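Below you'll find the structure, written out as structure tokens, and then a few comments.
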Amino acid sequence: MATLPRLKTKRVFDCGCGRSGITMNNNGHLNYNHTMPPISHLHLNLTALCTEGRLKESLQILLTTHNLPVDSNTYLQLLHTCIANNALSQGKKFHSLITHRRFEFATHTFFQNTLINLYVKCGSLVDARKVFDGMPERDGCSWNAMIAAYRRDGYPQNALILFHEMQRTGVQPDEFTFASILPACAKIGALDQGMDIHKSLIKNGLMLNVVVVSALVDMYAKCGSIRKARELFDKMSQRDAVSWNAMIGGYAQNGALDEALRLFKEMPRRNVVSWTTMIAGYAQNGVLDEALRLFKEMPQRNVVSWNAIIAGYAQNGVLDEALRLFEEMPQRNVASWNAMIAGYAQNGFVEKATETLKQMQVAGVMPNSTTFASILPACAKVRALQQGMDIHQSIMDSEFSSDVVVGSALVDMYAKCGSMQKAQEVFDKMSQRDEVSWNAMIAGYAQNGVLNEALRLFKEMPRRDVVSWNTMIAIYAQKGALNEALGFFKEMPQRNVVSWNAMLAGYAQNGILVKALRFFEEMPQRDVVSWNAMIAGYAQNGLGEKALETFKQMKLSGIKPNSTTFAGILPACAKMGALELGMDIHQSIIERGLISDVVVASALVDMYAKCGSIQKAHRVFDKISQRDAVSWNAMIAGYAMHGSRKDALRLFELMKDSGTNPDHVSFLCVLFACSHAGLVDEGCKYFNGMSGSYSIMPVMDHYACMVDLLSRAGYLLEALIFIIKMTIKPAVIVWMCLLGACRSHKNIEIGVFTTTLLFELDPKNVAPYVLLSNIYAEMGRWGDVQKVRRLMKDKGIKKIPGCSWIEVNKIVHVFCVGDRSHPQTQEVYAKLEELSEEMRAAGYSPDSKHVLNDVEEEEKELFLCHHSEKLAIAFGLLNTSPGTAIRVVKNLRVCVACHTATKLISKIVAREIVVRDANRFHHFEQGQCSCGDYW
DNA sequence: TTAGGGTTAG
């Protein structure tokens, strides 16, 4: 019997499948359970070099000596040394040498399994697969090694495919196979396959195996079947730490943190995984203080514990704290860096993300597929094509150039950056494509407006998943083609919450709120996106109260609002002037840590400005660290609405100095400010500069603003000429601006001309009728007023009723013209009566011309008009304490009579009255209005 | 077999 080489470990001859091919008895003799070539005399020199890990020299000896009596055992040991040293390239050289010398043992299953093990351990799945595919015969170990490798390296799909193939070829899976395949099912949420495996386990009598059953518990928990997991867990006759941790993790990841904590406390011997599971659970659910408390409390921490807490802060956008912990941690691995990079990337800080990637490389940590796959979407999001291309280059230089996840992320990045050509190029070159790659291409073509190509790819793709179908629904729903979207929705084999949300959002965005609500009510489960879609749908379609009501219900149902919720609800507050509610929401935003979100902060600025509190708006605006054009525009528009043209224009200059380029909205705000201040020359200057210096081509709204600017200032003829000279066909809004000014400047000729034009352009539009009627009324031409009213009646055109809102104690009260539905109606009308007496006593006699005058479209009583804002003001006077300001919002413009009356009321009751009409703010104080009677 | 980091759809 030959002497054995000194074996470092007992499992030196393990072929890597979990079952050792050779075992050693107590005398150092070998027992074989695998087909093994016989062991001959070892070459001592070679062995020594090999055990010392001196692979280069070993290889040199082998290459230069052909007749060295080296047996298969030595080669095996060489390969194992490569495995231990992670020496892929040396391993490959030995492999090729063995192949070339055509050793008989090289074709043996055991030896080939070792080769698979070599490649798997050295991270080259492609080479492992090549060996696997070339094997004349495979045993359970071969399959197990390959399956385990796929699942561990993040290819659970491939593991499952191989698992089915294994069974087809008649090889029986064993406990090792199951212990690998169950986590693969868990990873991709393959509950059905997991349940099949459960059946096989029962059949194979493996239900007492604690390892396998723990994996089964984990699978059920991860696939969302938490009850099934618990049932199994409770039935286990023996549980180890893994079983407990799997169960705890199941509850934690399903958001059932209380139950997770109960089990955690009940668990006999908690280990570092148990603690880390709880920390991760709290962190992922946004309960960062609890996560940190446990992190500080835990007896021992490892790199995973640190990573969990850091990722928690990073994912929740608390990046400074994440960075502090990252810098503090004793050692970092690739996942630590990835957590930071993903945190920056997901929160929109592309520069920070790429900077961290560079630091990581400097620190000698190689990026992996996760690094690339998390940084690319950040480039995609902000359309940073150049940075995306740089990362593409790094990927090509790395070993992840053929990783399917990285490839898909690349496709998506190019598609979102608008470069479909590059996306297609990457897609074509991919050695393996999955559903994600196809879906990214489909969405890319759709987002870039090439719908037929998207549809073609959808039809062509080999396996469509729920995302593919959802993409198609979204494409058509967003375009307003809701019947087509519904077609996909009905045809798809399985729907999830996203499918329902896509339909619901489609209806909501297109103003079909009844259908949106039906989907919302019928859907099997609702998440934060469903609620957001409903809220935004209501808010965008002028149903602010419904939006607010839905927001309340959402909170009652236990769904936590996110930044999209706030960005959706704030415009509703803004529209209704619900300042107190808006302030409550501001508080919630701070509590949820979302104040640093620039979209949310800009919506807050807008809300405060539109609710009349320009100071609060400015305070929020001042604190925005990364202002974008939207934030600046909200603030500029705020000043413009409040008639502070100086501030508006000053801010516009500041914006340019700060390096934020004005966009077309910025110019609209500036033109609006000029127009409301009668600054004709300045307005013209800005209008010309916009295309000249900023290459922003005027769109219809800009033209309308210019017509407003000119005609408001009395330059009606110039405005008309301006319209005629427009390079695009003037839309209704443009003519409406001109007509509005015809009323205030009493120009009947242009007024009639414009009205006639508008009757043809937009026969259903009520506004021109009302304006024309008002022009006649101003001039005392009552016969003509009657004619217009008759014409409206004949054509069945109805006025939009004037409505005003006032918020008292966080409740918004609505008053329509002549409204008598409010519980306090009697008091309100009595108050108005009282006020009119006081006005009379103060010498105010309403001019019959003004009483009949109707800026847009309200009915009224002859002497004292009951326009909606008057009702709201009276209500405010009754229900607020003396001295406080009264804030009212109106959907139409304030009429002359009400404007005059409100000035007087403000003096009589010594109150500040703030009225926001369809156009701007009026601050009434001591008988004066901030608009200077120019509105 | 359990804990941390990733790609597509709303």
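Everything numeric in this text was worked out from a predicted model, so none of it was measured. Throughout, protein chains are lettered first and strands after them, A, B, ... in sequence-line order, and every chain is numbered starting at 1.
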Starting from P on B:dT1, measure out to CE on A:Met207 and report it in whole angstrom. 18 Å
Residues A:Asp403 and A:Asn368: side-chain donor-acceptor under 3.5 angstrom: no
Does a nitrogen or oxygen in the side chain of A:Lys222 sit under 4.0 Å from OP1 or OP2 of B:dT1? no
Determine which bases of DNA chain B form Watson-Crick or G-U wobble pairs with both distances under 3.5 Å, and write the result as a 5' to 3' dot-bracket string with | for other-strand partners. ..........
Nearest whole angstrom, please: distance from the P of B:dT2 to the CG of A:Asn245. 10 Å
For DNA chain B, which residues in residues 466-482 of chain A have a heavy atom at a distance below 4.0 Å? A:Val467, A:Asn470, A:Thr471, A:Ala474, A:Gln478
pair A:Arg383-A:Lys416: side-chain heavy atoms closer than 4.5 Å: yes
Value in whole Å for how far the C1' atom of B:dG6 lies from CZ of A:Arg152: 18 Å
A:Gln253 has its side chain closest, among B:dT7, B:dT2, B:dA3, to B:dA3
A:Ala308 meets the side-chain contact (heavy atoms from CB on, under 4.5 Å) criterion, sequence neighbours left out, with A:Thr276, A:Ile279, A:Ala280
For the side chain of A:Val405, counting heavy atoms from C-beta on, which of B:dG4, B:dT7, B:dT2 is nearest? B:dT7
A:Ala339, nearest nucleotide to its side chain (from B:dG5, B:dG6, B:dA3): B:dG5
Give one of base, sugar-phosphate or nothing for A:Val213, where a contact means two heavy atoms less than 4.0 Å apart. nothing
Counting only pairs under 3.5 Å, give me each side-chain donor-acceptor contact of residues 442-451 of chain A, with atom names and distances, residues two or more places apart or in other chains.
unit_1	atom_1	unit_2	atom_2	d
A:Tyr445	OH	A:Gln424	OE1	2.6
A:Asn448	ND2	A:Ala415	O	3.1
A:Asn448	ND2	A:Gly444	O	2.8

Sorted by chain and residue number, the side-chain contact (heavy atoms from CB on, under 4.5 Å) partners of A:Val212 (sequence neighbours excluded) come out as A:Glu175, A:Phe178, A:Leu182, A:Leu201, A:Asn209
Pull out every residue in residues 264-279 of chain A that has a heavy atom closer than 4.0 Å to any atom of DNA chain B, ordered by number, or say none. A:Val273, A:Thr276, A:Thr277
Whole-Å distance between B:dG4 P and A:Ile310 CD1? 14 Å
Does the distance from a Lys or Arg side-chain N to an Asp or Glu carboxylate O, for A:Glu484 and A:Lys479, drop under 4.0 Å? no
Spacing between A:Leu263 atom CG and B:dT2 atom P, to the nearest angstrom: 18 Å
Can you tell me how far C1' of B:dT2 sits from CG of A:Leu216, to the nearest Å? 14 Å
State the NE2-CG distance between A:His198 and A:Leu216, to the nearest 0.5 angstrom. 5.0 Å
If you compare every side-chain N and O of A:Gln315 against the phosphate oxygens of B:dG4 (OP1, OP2), does one of them come in below 4.0 Å? no
Once salt bridge (charged side-chain N to carboxylate O under 4.0 Å, His left out) is applied, do any residues pair with A:Arg324, and if so which ones, sequence neighbours excluded? A:Glu321, A:Glu328
Could you give the CE-to-C1' distance, from A:Met329 to B:dA3, as a whole number of Å? 14 Å
Within the structure shown, what part of the strands sits under 4.0 Å from A:Asp527 by heavy-atom distance: base, sugar-phosphate, or nothing? base
5' precedence on DNA chain B between A:Ala179 and A:Asp153 (nearest-nucleotide basis): A:Ala179
Considering only B:dG6, B:dG4, B:dA9, which nucleotide approaches the side chain of A:Asn496 most closely? B:dA9
B:dT7, OP1 or OP2 - any side-chain N/O from A:Lys381 closer than 4.0 Å? no
Does B:dT7 have its OP1 or OP2 closer than 4.0 Å to a side-chain nitrogen or oxygen of A:Gln432? no
Which part of the nucleic acid does A:Val406 contact within heavy-atom distance under 4.0 Å: base, sugar-phosphate only, or nothing? nothing
Residues 489-512 of chain A vs salt bridge (Lys or Arg N to Asp or Glu O under 4.0 Å), sequence neighbours excluded, gives none
DNA chain B nearest-nucleotide lookup for A:Lys187 and A:Asp240: closer to the 5′ end is A:Asp240
Can you tell me if the side-chain N/O atoms of A:Arg239 get under 4.0 Å from OP1 or OP2 in B:dT2? no
Which of residues 368-378 of chain A have a heavy atom under 4.0 Å from DNA chain B? A:Asn368, A:Ser369, A:Thr370, A:Ala373, A:Ser374, A:Pro377
Give, for atom CE of A:Met472 and atom NZ of A:Lys459, the distance between the pair rounded to the nearest 0.5 Å. 8.0 Å
Checking all strands, does A:Arg151 fall into the base, sugar-phosphate, or nothing category for heavy-atom contacts under 4.0 angstrom? sugar-phosphate
Taking the minimum atom-to-atom distance to the side chain of A:Val304, which one of B:dT2, B:dT7, B:dA3 wins? B:dA3
Heavy atoms only, 4.0 Å cut-off, all strands: where does A:Gln346 land among base, sugar-phosphate and nothing? sugar-phosphate
Kindly write out the residues that satisfy side-chain contact (heavy atoms from CB on, under 4.5 Å) with A:Arg456, not counting sequence neighbours, or none if the list is empty. A:Glu453, A:Glu460
Looking only at B:dT7, B:dG4, B:dT8, the nucleotide nearest the A:Ser408 side chain is B:dT7
Salt bridge (charged side-chain N to carboxylate O under 4.0 Å, His left out) partners for A:Lys422, two or more places apart: A:Glu425
Test log, rule side chain to side chain donor-acceptor pair (under 3.5 Å), inputs A:Asn307 and A:Asn333: CA-CA 9 Å; A:Asn307 289 349; A:Asn333 65 9; 3.2 Å; yes
Output the rounded distance in Å from CE (A:Met298) to C1' (B:dG4). 11 Å
I'd like to know if A:Glu435 and A:Arg464 make a salt bridge, using a cut-off of under 4.0 Å between side-chain N and carboxylate O. no
Under a 3.5 Å distance rule, please check whether A:Arg151 uses its side chain to pair with a backbone N or O of A:Cys185 as donor and acceptor. no
Applying side-chain contact (heavy atoms from CB on, under 4.5 Å), can you list everything that pairs with A:Val382, at least two apart in sequence or on another chain? A:Val350, A:Ala384
